2 protein chains.
Amino acid sequence: MTGVRARVRAELTAEIKAIARRQMAEEGPANLNLRAIARELGMVSSAIYRYFASRDDLLTALIVDAYNALGEVGEAADAAVDPHEVRARFLAVANAAYRWACEQPSQYLLLFGTPVPGYAAPQDTIAPATRFTIVLLGILDEAARQGAVPAVRPTVPPTVSVDFRRLRELTGTGGDDELMLAGMQAWTALFGAIGFILNGQFRNVIGDVDAMFAEFAQLLAGQVFHEVDPA
Amino acid sequence: MTGVRARVRAELTAEIKAIARRQMAEEGPANLNLRAIARELGMVSSAIYRYFASRDDLLTALIVDAYNALGEVGEAADAAVDPHEVRARFLAVANAAYRWACEQPSQYLLLFGTPVPGYAAPQDTIAPATRFTIVLLGILDEAARQGAVPAVRPTVPPTVSVDFRRLRELTGTGGDDELMLAGMQAWTALFGAIGFILNGQFRNVIGDVDAMFAEFAQLLAGQVFHEVDPA
DNA sequence: CCTGAAACGAGAGCACTGCTCTTGCATTCC
DNA sequence: GGAATGCAAGAGCAGTGCTCTCGTTTCAGG
């Protein structure tokens with residue numbers, strides 16, 4: 001223990017992030033405002049710089065937290081389902097991500113929206129960023145073990161095949177190239193749908209977006225895990 | 001003709017937008033800077049306000065232009081293919097959108113990235129915004145006429161079914177609910193994939209993102225237009 | 001052709017932002 | 001106890017969107 005000072009510092013750091021999150025939720029992800037945070041803390045803006053070297057630094061911390069939160073949500077949803085029921089696992093994880101995104105739209109957009117200008121994600125973010133993806137890859141791995149075959153089998157070109165091989169070695173998971181491609185497509189489709197809904201692209205088009213997303217998830221599950229759990 | 005003044009005004013308006021586009025491409029979509037535009041024009045910042053009432057107003061004009069550009073690209077790609085070959089039409093439109101997005105990433109992100117904070121899309125934007133979607137719906141309509149059936153047929157819940165009925169009446173296109181759902185899912189998946197690629201979510205994961213996208217498009221085409229053009 | 005109205009660009013200025021630097025004070029460590 | 005470090009405050013800099021005012025230029029109706 002380095003004494004009181006360290007604990008106060010940790011608390012204040014957490015408080016700054018909490019206020020930043022709340023303000024972002026109210027004013028939009030790009031309106032992160034150091035002076036407003038300082039004002040709310042009864043501090044002067046320059047004092048914030050004792051805790052975060054710059055606005056980007058605070059942003060990075062928030063992004064890492066958000067990635068971890070999403071990752072945890074995905075892991076928890078996956079763990080709550082029978083490991084052999086890949087389809088149920090996929091649906092659980094997909095719905096968990098959707099629910100989390102709807103509850104924390106600003107955080108979701110912080111991760112998958114337009115990158116904040118001039119901001120380059122530092123190395124610290126890539127590990128938390130992969131947590132959710134690893135959950136999906138785990139499901140894909142189990143599906144491959146069960147002999148799953150995507151509903152539509154594309155021919156994977158060699159360049160992509162090389163990437164997939166490296167990805168399999170890196171994570172120790174995954175099925176053949178076709179299943180892998182279908183899985184990644186489902187991954188992007190999932191986040192594409194969430195992004196569309198959050199950004200209001202369906203406004204005045206679809207009323208019940210929640211039901212729509214549920215159907216999308218079902219569709220994706222059926223497209224990827226075709227021969228598994230047929231009815 | 002209302003004289004020289006009107007023409008100069010139109011030219012300057014266009015020039016402001018052109019500079020804004022270029023600067024956004026260089027500095028990121030959220031860094032639209034009125035003073036920098038004015039500087040480049042050799043004007044003073046307040047003069048810009050003679051042409052656009054506010055920063056949001058300029059943003060709206062740029063968004064409308066971008067929607068129209070994307071819509072035109074989609075329409076042109078669709079028109080260049082035999083109207084009966086729905087699969088080829090879908091691939092052409094999908095690839096056209098991808099190519100346009102890669103060439104104009106800032107414009108694409110202006111449309112489908114995080115909404116600029118505090119910015120609410122006014123009524124003027126919704127008509128141009130639907131242009132690209134209408135192209136896709138047209139393909140879906142032709143597919144329905146040919147008896148296309150999606151690879152995986154979900155059960156569409158009544159609330160979504162109502163939305164689809166209204167959408168069909170509004171646009172005069174579309175097949176049955178199942179095909180409609182598959183089409184909308186393909187739509188979101190398409191833009192989800194483009195967004196992932198543009199935002200660099202595949203960095204250090206997939207090297208040849210172009211090949212990856214081409215496969216995604218093939219996969220989507222196969223998922224939606226299953227019984228059409230079997231080989 | 002002339003004149004009043006409208007449009008225009010320049011400039012100053014307001015409130016705000018992220019960020020830097022210096023200055024005292026409090027805490028920690030040797 | 002004294003030195004080193006952590007800390008908040010305050011002033012200040014360069015930049016932002018936006019407003020208002022002030023002469024000038026253009027245009028249209030009499």
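Just so it is clear, the values below take in all heavy atoms, side chains as well, and ignore hydrogens, waters and symmetry mates. Computed from a prediction, not measured in an experiment: that's the story for all the values here.
Counting to the nearest Å, the C1' atom of dT28(C) and the CZ atom of Arg7(A) are 15 Å from each other. One interatomic measurement links the two molecules: CG of Asp56(A) to C1' of dC19(C), which rounds to 12 Å at whole-angstrom precision. Leu41(A) has its CG atom 10 Å from the P atom of dA8(D), to the nearest Å. In this entry the distance linking CZ of Arg39(A) with P of dA9(D) reads 14 Å, nearest Å. Separating the CZ atom of Arg55(A) from the P atom of dT17(C) is a distance of 11 Å, rounded to the nearest angstrom. Atom pair Arg50(A):CZ and dC19(C):C1' shows a separation of 13 Å (rounding to whole Å applied). Phe52(A) has its CZ atom 14 Å from the P atom of dG18(C), to the nearest Å.
A heavy atom closer than 4.0 Å to some atom of DNA chain C occurs in no member of residues 9-26 of chain A. A heavy-atom distance below 4.0 Å to DNA chain C is reached by these residues of residues 42-49 of chain A, ordered by number: Ser45(A), Ser46(A), Tyr49(A).
The residues Arg168(A) and Asp177(A) are annotated as salt-bridged, a charged nitrogen and a carboxylate oxygen being separated by less than 4.0 angstrom. A salt bridge is absent between Arg165(B) and Glu169(B); no separation between the charged side-chain nitrogens and carboxylate oxygens falls under 4.0 Å.
For Gln201(B), the side chain to side chain contact (heavy atoms under 4.5 Å, CB included) partners two or more places apart in sequence, or in a different chain, are Tyr67(A), Phe112(A), Phe196(B), Asn199(B).
By the 4.5 Å heavy-atom criterion applied to side chains, Ile206(B) and Met184(A) are counted as neighbours. The side-chain heavy atoms of Thr173(A) and Leu140(A), taken from C-beta on, include no pair separated by under 4.5 Å. Ile37(B) places a side-chain heavy atom less than 4.5 Å from the side chain of Gln23(B).
Considering only side-chain N and O atoms, Tyr51(B) lies under 4.0 angstrom from the phosphate OP1 or OP2 of dG9(C).
The stretch residues 62-71 of chain A participates, sequence neighbours left out, in these salt bridge (charged side-chain N to carboxylate O under 4.0 Å, His left out) pairs: Lys17(A)-Asp65(A), Arg21(A)-Asp65(A).
Checked by atom type and distance alone, the side chain of Asn95(A) pairs as donor or acceptor with a backbone atom of Leu91(A) at under 3.5 Å.
Counting any heavy atom pair closer than 4.0 Å across all strands shown, Leu58(A) reaches no nucleic acid atom. Counting non-hydrogen atoms under 4.0 angstrom, Ile37(B) reaches nothing in the nucleic acid.
Between its two ends, the helix from dC1(C)-dG30(D) to dC30(C)-dG1(D) turns its axis by 10°, counting five pairs per end and rounding to 10 degrees.
Around CZ of Arg22(A), the count of heavy atoms belonging to other residues, nucleotides or ligands within 6.0 Å exceeds 12.
Donor-acceptor pairing under 3.5 Å, judged by distance alone, is present between the side chain of Arg35(B) and the base of dG17(D).
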Dump the pairs, protein N or O against N or O of nucleotides 4-6 of chain C, anything under 3.5 Å, distances to one decimal.
none

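The two atoms that bring Ala92(A) and Ala77(A) nearest to each other are O-CB, 3.7 Å, heavy atoms only. Nearest heavy-atom pair, Pro154(A) versus Glu215(B), reported as atom, atom and distance to 0.1 Å: CB-OE1, 3.7 Å. The two residues Val64(B) and Pro128(B) have their closest heavy-atom pair at CG1-CG, 3.8 Å.
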query = Between Phe132(A) and Phe191(A), is a ring pair (Phe, Tyr, Trp, His ring centres under 6.0 Å) present by the stated rule, with each step listed?
reply = CA-CA 12 Å; Phe132(A) 189 88; Phe191(A) 285 86; 5.5 Å; yes
message = Could you walk me through whether Phe90(B) and Trp187(B) satisfy the ring pair (Phe, Tyr, Trp, His ring centres under 6.0 Å) test, starting with their C-alpha distance in whole Å, then the side-chain angles of each, then the deciding distance to 0.1 Å, before giving a yes or no?
response = CA-CA 10 Å; Phe90(B) 177 81; Trp187(B) 175 35; over 10 Å; no
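Between dG18(C), dC19(C), dC7(D), one nucleotide has an atom nearer to the side chain of Ser54(A) than all others, and that is dC19(C). Closest to the Asn33(A) side chain, of the nucleotides dC8(C), dT17(C), dC19(C), is dT17(C).
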